[in-house]
Amino acid sequence: MKEWLSNFWYHYKVHTIVVIFVIIIAVYTVVELSNRELPDLDIAVAGSDTLISKNLDQFESEIENLIQDANGDDKTVCTINNVVLPGLEEEDTTLNSSFDLNRLVASVASGETKLFVVNYDMLEYLKNQYACQDITDVYEKMNIPHEGQQYYYKTSTKNPVLQSLQLTDESCYVFIRVRNSAIRDNEEQDIQYQNAYRVLEEIIKNDQQISE
């Protein structure tokens, strides 16, 4: 037996190490996924700003006070996906233009991110990807004058809901990820979308209060 093991190790040492390494990674990944805190709302903040941790933490905490539990763990969790895309020019708006742009497009495609806070460049790009949900009903509910269908809401970065992010642009654009057949219809998804609408309506409500 000892001789067989010695012979096996001599011929298959590299293969064995690789297999063991793969198994360890697989087990680690499964454990991490099982222990991962699933968000009740995932928000993408995309633009030229790299957000600092304390601002993100404060913003997440404030949003968690607005939303409801979507996954049944008796707590509300908001996660922020900060995508930094400085100086994105029109000729650069291809899927391979940057890692961050690919990551932003992936977040749209996956359907995990429901609410987007973006600068003008990102809005124009994602509109062309048909990423924005029709929110005309929100405009009507909040008595906002409009013409035709509406797919985003323009607000100030000083809006009380967004202020803790300390974005450098004067304005930003908020939209909800379009809901289509790529997103499973279940109760958790319903509540996540409700949370996205709740945050959007809170942003609009603050703008209305400021303008009064």
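In this text, all values refer to a predicted model and were calculated from it rather than measured experimentally.
- Here the options are L115, V199, I63, the test is side-chain contact (heavy atoms from CB on, under 4.5 Å), and the partner is C78; only I63 passes.
- Counting all heavy atoms, side chain and backbone alike, D40 lies closest to Q192 at O-CG, 3.4 Å.
- Salt bridge annotation for E64-K75: absent, with no cationic side-chain nitrogen under 4.0 angstrom from a carboxylate oxygen.
- Scored by the side-chain hydrogen bond (donor to acceptor under 3.5 Å, both in side chains) test, K158 finds no partners at all (sequence neighbours excluded).
- Note: the hydrophobic cluster containing I191 does not contain I67 (ILVMFWY, side chain heavy atoms under 4.5 Å, direct or indirect links).
- Under 4.0 Å is where a charged nitrogen must lie from a carboxylate oxygen, and between E202 and K205 at least one such pair does.
- The two atoms that bring K127 and E124 nearest to each other are NZ-OE2, 3.3 Å, heavy atoms only.
- Between I135 and F175, the closest side-chain pair of non-hydrogen atoms is not below 4.5 Å.
- With salt bridges taken as basic N to acidic carboxylate O contacts below 4.0 Å, none links R177 and D42.
- Under the 4.5 Å side-chain criterion, counting only non-hydrogen atoms from C-beta, N119 is not in contact with Y173.
- The ring-ring contact (aromatic ring centres under 6.0 Å, His included) check on Y153 picks up nothing, with sequence neighbours excluded.
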Check: residues 159-172 side-chain donor-acceptor pairs under 3.5 Å, at least two apart:
from, atom 1, to, atom 2, distance (Å)
N159, OD1, V161, N, 2.9
N159, ND2, T155, OG1, 3.4
N159, ND2, I203, O, 2.9
N159, ND2, D207, OD1, 2.8
S164, OG, E62, OE1, 3.2
T168, OG1, D49, OD1, 2.7
T168, OG1, D49, OD2, 3.3

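- Here the side chains of V45 and L51 are in contact, with some heavy-atom distance below 4.5 Å.
- Shortest non-hydrogen contact noted between M122 and V118 is CB-CB, 3.6 Å.
- Inter-residue side-chain proximity for V108 and Q129 is flagged as unmet; no heavy-atom pair is nearer than 4.5 Å.
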